[in-house]
Amino acid sequence: MLRWRGGRYNPAFMSEEIYRILKTNGRLEKGRKTPSIDDDRLRDMYRYMLINRLVDERMTKLQRQGRIGFYIGSVGEEAAVIGSALAMRDDDWIVPCYRELGAALVRGFSLYKFCCQLFGNAEDPIKGRQMPNHYSARDLKFTSISSPVGTQIPHAAGLGMGLNIQDKKNAVLVFFGDGATSQGDFHVGANFAGVFKAPVVFLCRNNQWAISVPGERQTASESFAIKAEAYGFEGIRVDGNDVLAVYETVRKAAEKAYAGDGPTLVEAVTYRQGAHSTSDDPRAYRDEEEVERWKERDPLNRMKSYLKHRDLWSDEEDDKLRDETVKEIAQAVKKAEKVGPPDIEEIFNDVYAQRPWHLQEQYEQLRGLAE
Amino acid sequence: MLRWRGGRYNPAFMSEEIYRILKTNGRLEKGRKTPSIDDDRLRDMYRYMLINRLVDERMTKLQRQGRIGFYIGSVGEEAAVIGSALAMRDDDWIVPCYRELGAALVRGFSLYKFCCQLFGNAEDPIKGRQMPNHYSARDLKFTSISSPVGTQIPHAAGLGMGLNIQDKKNAVLVFFGDGATSQGDFHVGANFAGVFKAPVVFLCRNNQWAISVPGERQTASESFAIKAEAYGFEGIRVDGNDVLAVYETVRKAAEKAYAGDGPTLVEAVTYRQGAHSTSDDPRAYRDEEEVERWKERDPLNRMKSYLKHRDLWSDEEDDKLRDETVKEIAQAVKKAEKVGPPDIEEIFNDVYAQRPWHLQEQYEQLRGLAE
Amino acid sequence: MPRMNIIQAVNDALRIEMERDESIVVMGEDVGKFGGVFRATQGLQEKFGEKRVFDTPLAEAGIIGAAIGMAQSGLRPVPEIQFADFIFPAFDHIINEAAKMRYRSGGQFACPITIRTPYGGGIRGGHYHSQSPEAYFCHTPGLKLVIPSDPYEAKGLLASSIRDDDPVLFLEPKRVYRAARAEVPEEEYTLELGKADVANEGSDVTVIAYGAVLHDVLKAVEAAEDEDGMSCEVVNLRTLLPYDAETVLESVKKTGRVVIVHEAPRTCGYGAELAAMIAEKAILYLEAPILRVTGFDTPFPYTLEEEYLPNERRIRKGLRDTVSF
Amino acid sequence: MPRMNIIQAVNDALRIEMERDESIVVMGEDVGKFGGVFRATQGLQEKFGEKRVFDTPLAEAGIIGAAIGMAQSGLRPVPEIQFADFIFPAFDHIINEAAKMRYRSGGQFACPITIRTPYGGGIRGGHYHSQSPEAYFCHTPGLKLVIPSDPYEAKGLLASSIRDDDPVLFLEPKRVYRAARAEVPEEEYTLELGKADVANEGSDVTVIAYGAVLHDVLKAVEAAEDEDGMSCEVVNLRTLLPYDAETVLESVKKTGRVVIVHEAPRTCGYGAELAAMIAEKAILYLEAPILRVTGFDTPFPYTLEEEYLPNERRIRKGLRDTVSF
Ligand SMILES: Cc1ncc(C[n+]2csc(CCOP(=O)(O)OP(=O)(O)O)c2C)c(N)n1
Ligand SMILES: Cc1ncc(C[n+]2csc(CCOP(=O)(O)OP(=O)(O)O)c2C)c(N)n1
Ligand SMILES: [Mg+2]
Ligand SMILES: [Mg+2]
């Protein structure tokens, strides 16, 4: 364990132990060995992070141009999300909140579908029912995103309990922010998981802010990881901008879960480099300097440097991936933008498995009016 | 700190450290000194416990005779309740749940009013509105009892925050059971108290059971006290059947609160010797043997022995207090039983500060029907 | 056919459904070894093991939150909330999560959960062991809400609720848990959700009710028929969401007079919906004001609960006022 | 008189009340330095300090639970819930604790809390930034519920709510937060709770509405008067609990026709209560079915929210159907 040097206000955060493999410059921390991860996987880590970053940049612009209504990105937090998603098996469940596009990408969620969801069009997998960034992908074992902060945490516990009951050997990775740990739902979810030894990895993306509220206003505890003590399982703090450290930590937690040894809380210490969402303006509440300091610890640069040191990546490959991705995104956007809205009948579908009389009546009234 | 030897199933409970002053036989634990508490106060501790016990016994019978509808007692838990209530100043707030008659007695709540509440009669301080054991006594800084488990915990945090905001130098003592720690309300209450350094003593009566559910089904944590770590304040385990240990621990926690150093979680390890309430039959789910083992650690016997060792109490005094109390209770019951029910108008009072038209209309309808 | 009370009928339905379908699990506070504080789950843990019937920590949000996740894993959880008064910590999970899951995921995820909970007054339970919260839930698209009034309905409707692919809130009338006894088929059967039952035929007035209060309605109606020569039609709703407007309207069009009875407070209570629907769809048939005989707009009292509840006396007054209007 | 929008009026009322009464504190997520995600509390922390205006941890149950305790300590908290859609984790504290506190303690404890929260659709917020939860709360004795529609009402009603000794839920129509502008007195004033406003006089039909949708109603009515020659009376409810039945009934008895408009889903929505009350107290005056023009009985959609909402077109259709019945 190394000493954490990247804390913010909370003095406790400064002295807290944290797990890290890569230094900011992409070199191994003293005493760390090259982790035994094959080269393709290492490159994948970086690739997904870069794609995620480029998507976020493009969509934020799209929102500014008024072409989509809203966007919520994860700039600066890609390692925490992608490192942990990659550490799970493909048939493990991912239970996201709204800031984990990276995890969906890892699972193979298509950019086109993603764009359709942003536009809420007729080909949106969730049929234009929710705001941007609230997709679902059941085929990818990626559950339905909702806005209320923290509700997914007991769902994840229940999913894990359900896997146990059915003797399935998978695990669950659930994401949430530092702010979410203040909700009763964090408590009941973690507590159920502890009592029932549910195979769950609780991934707290501690990005230091909940909109304008800093971490020390969420809790007086020494860290978020320490909260695991209250539930009888292990809590680990990891440098959330070091994709290797995140990957290794979550991999171990997942293996513990597969082995029937129950849940783990992983606090990935990272930073929300951008606004909370396109509706937010952080200049009203935080120092630009702080943001600059954290940009120096950017997860993409760190991993790219590491790969370059190891001759696993080059500037040419980087440029190529960028170009390809930008094009792919542009195509997806273009195609999705052309698709029309869902039919008004979609207002009335999926409320229940079968449409009851009163919804049929309301549908017919609306249809009558529309004609 | 001494080793705890009184645990139940949970093996962790066995090895956990616990604070105790008096051994079961009423002698001082090795290394403990006679605490500096004046003799009257020591006798008070025992007196209140005995009165509490006698009231519980009488009221349980009253319920069996069908004269009151329900009763919930605290046999075995008197030290945890009374030791902590006595440790606070009279102008500190007490925020109870339903099993802390002892604390109300300490504050001077009259047996007559208590009986009126049990009967829900016209002189019931809460006007026949709630089940037995749900009294309030604002003049005694004893808040309103409700049934939902755990809701009082954030109220207590808020009370403490309110005292801070108004620069009042009092503290708050809030009671709840082991089961209540599983609620989201425990989490949000403790977390708010930690963040805002609220002057609150969180008193967890760990009586080992939540109706039929044992402690190890509530949480996988090593203890209940350890949960304080998640909120950045101190958690202490104390032998809840040792009134001296409870008193001393809570006194220290209160002093910390007065000094502006924030909250403390005190886990008082005790045992519910009786049924959950008169509606319950514990033979369906727990061993009588376990109950017997705990009766050997009864808090009253322990304190009585201690007082007798120190020549502060005698069997004669004991008999006298018993007789007096039994008589007092009988008189209170007799007097309260004669009082009639509240007027039907009381159905419509206190919904709001002023009665709005629709309640007036409903009242008049009912009055018309009754005449 | 064996005679059962409602507790036994619920227990029977749970047992039969659990035998039929391995994915059904029962969870909640005290439901395991103890078999529930009302003993509705008695014997189930012994029979189906601790994996399928288990006690949870004391946290309603956890119970329903976990049940939602369990449903996503392929199970059909049947959580119990010990008293309906204690369901509110789970309100967010029920109305923002379970009820919206199918819709918000574009039909990808369903939430086949049946939440059982005893509701209602008349057991000297005061504020927190007496509430009738049906209206809070019936305003929530995506939910179904079912209230049986007797053992036959309890068994058949619970089976249907458990088999339903949407989240169902199943409110059990605890006042008549043991008092309502009836012959109940031994074998499995279902009663269709969304269908009301005409519990008594009549022509002067339509009384609409559900759950425990139906028994008071039937008594009041019997007396009104015997003593006042009235002919009362009683519609027992059984399912409150989605409800059987057809049966209600058919009756109202016949009688032209309506009395709605429920225990919950009047304002924004479930009766408001029925009255509003009737005032929209059958206004020309109405010959008298639509009356609501309900609990008063106050919290539930303890000592005066008899006066608070829409008892036989108040129902009869409602019938008289309506028919003589 | 200065012109203000609703945000400014709310901010103004908060400032004036806080100056008047030291016991008022403002709390919630992002209300401090940031001044609220809608900026309604902007400048208050600077003016009144961090003790009286502060950010809380992200926990609605904690915000309301703590506010209840703060009220017991002698304060008058004005908590903000960031969006009404997120109020449900606090539902238990609002309906089981705050609303019942005075009653259950025999009048010993009161709960003078005003919960401010933006509600309603029309801002492309989908499921969770659009809901209108008023009916959930109006079924709760002990609560008051207030919804202003413009800056003048917002300022006067918020002042009254804060001064009221019972818990008030103050729902702010976020769709018109900035769009609704009006002249607002600079000095303090109050508007009586429980009193409706007749926003337009007329004789053919009574339209009852509140909050954001009132603006659509007024537009529809203007068009109906201009183009169809109808004379429409518009009752703006302002307070939903307890509500002003007198004003409603007076209007209905005059017009004999009723259209109720709200954004929330229809079934068990607030309109049901109004329709039921009218069908009880004014049945003989009714010349047409009572119509409810409301959101549909589905969760709130994203792309098709314009179609979901009771827009001008649907309101006009309701007016035509009712008047031509
Ligand atoms: C229950 C609830 N309350 C409030 C909000 C409004 N809100 C949306 S995101 C957010 C902050 C979340 O912070 P955190 O959990 O740290 O996640 P982050 O956005 O930083 O990734 C808030 C308050 C909400 N969505 N749900
Ligand atoms: C929210 C809620 N859920 C369930 C209940 C039913 N109930 C009453 S007491 C109790 C057990 C409480 O256990 P604990 O907190 O340990 O306190 P104890 O009774 O042991 O003192 C339960 C489940 C309740 N009153 N409130
Ligand atoms: Mg955050
Ligand atoms: Mg207990």
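The structure presented is a predicted model; accordingly, all values stated were derived computationally and were not measured. Chain letters run A, B, ... following the sequence lines, proteins first, then strands; residues in each count from 1.
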Between H129(C) and F86(C), ring centroids under 6.0 Å: yes
What part of S146(B) lies closer than 4.5 angstrom to a heavy atom of chain C: side chain, backbone, both or neither? both
Does F137(C) have its ring centroid less than 6.0 Å away from the ring centroid of F91(C)? yes
Could you tell me whether K113(B) sits above the aromatic face of Y135(B), with NZ or CZ closer than 6.0 angstrom to the six-membered ring centre and within 45 degrees of the axis? no
Could you have a look at R266(C), E305(C), R124(C) and say which one has the most heavy-atom pairs with chain B under 4.5 angstrom? R266(C)
Verify the neighbour count for atom CD of E361(B): are there more than 12 heavy atoms of other residues, nucleotides or ligands below 6.0 Å? yes
Can you tell which of P342(B), G177(B), P356(B) has the highest number of heavy-atom pairs within less than 4.5 Å of chain C? P342(B)
Part of F88(C) lying under 4.5 Å from any heavy atom of chain B: neither
Between A284(B), P148(B), G150(B), who has the most heavy-atom pairs with chain C when the cutoff is under 4.5 Å? P148(B)
Under 4.5 Å to a heavy atom of chain C? For D280(B) that would be side chain
Give me the atom names and distance for the closest heavy-atom approach of G215(B) to F224(B). O-CZ, 4.3 Å
With a 4.5 angstrom heavy-atom cut-off, could you sort out which part of Q82(C) is near chain B: side chain, backbone, both or neither? side chain
